[in-house]
Amino acid sequence: MLRNELEVFTVKLETIDYPNIQAHTETGAELVIHTNQKQREDPAFWQSVRAILKAHLWVPVTRYQHELSDSDWLAPKLAI
């Protein structure tokens, strides 16, 4: 299931300013992506962020907390 369009928006990473990441939205607005403690201590996370930055990929970010989405463009599966 795709995420609700109101919950996330698309950004392109610009620079890494540890512990935050500078980005811009599709409309050109600048944005700071905040990382949590687990991400700050994870070398694989920073390697992935550098690869995304180098590849100029657009990634989903939560609208209100400005955090990278850990489930990509998909909404978490709801328990039935």
Side-chain angles (χ1 to χ4, degrees):
M1 169 173 35
L2 291 175
R3 283 191 173 270
N4 182 336
E5 291 179 10
L6 300 176
E7 294 176 14
V8 297
F9 56 98
T10 307
V11 300
K12 185 183 263 187
L13 307 183
E14 291 181 358
T15 60
I16 298 171
D17 186 22
Y18 183 86
N20 299 315
I21 304 164
Q22 306 292 328
H24 68 271
T25 66
E26 291 177 298
T27 60
E30 293 183 8
L31 177 76
V32 175
I33 299 171
H34 306 286
T35 57
N36 61 37
Q37 191 64 33
K38 183 178 177 183
Q39 292 168 332
R40 289 181 200 133
E41 297 171 353
D42 184 359
F45 171 80
W46 291 106
Q47 184 178 7
S48 297
V49 169
R50 285 191 296 275
I52 291 168
L53 178 71
K54 185 177 179 180
H56 304 285
L57 299 176
W58 291 87
V59 294
V61 171
T62 59
R63 183 167 299 278
Y64 300 107
Q65 296 178 337
H66 296 170
E67 296 175 337
L68 291 172
S69 173
D70 61 354
S71 60
D72 202 23
W73 294 103
L74 300 177
K77 189 174 182 178
L78 299 175
I80 297 176

Q) Within the side chain of Q39, is there an N or O that forms a donor-acceptor pair under 3.5 Å with the backbone of N36? A) yes
Q: Answer yes or no: is there a donor N or O on one side and an acceptor on the other, between the side chain of T10 and the main chain of V59, under 3.5 Å?
A: no
Taking the side chain as every heavy atom from C-beta outward, state whether [X] and [Y] have any atom pair closer than 4.5 Å.
X: I33; Y: N20; result: no
X: Q47; Y: V49; result: no
X: W58; Y: L13; result: no
X: V61; Y: L31; result: yes

For residues [X] and [Y], report the shortest heavy-atom separation together with the two atoms involved.
X: E41; Y: P43; answer: O-CD, 3.3 Å
X: F45; Y: I21; answer: CZ-CD1, 4.4 Å
X: I16; Y: W46; answer: CG2-CZ3, 3.6 Å

Of all residues at least two apart in sequence or in a different chain, which pass the side-chain hydrogen bond (donor to acceptor under 3.5 Å, both in side chains) check with [X]?
X: T25; result: T27
X: E26; result: none
X: T15; result: none
X: R50; result: none

Q) In Å, rounded to the nearest 0.5 Å, how long is the span from CG of L53 to CD of Q22? A) 11.5 Å
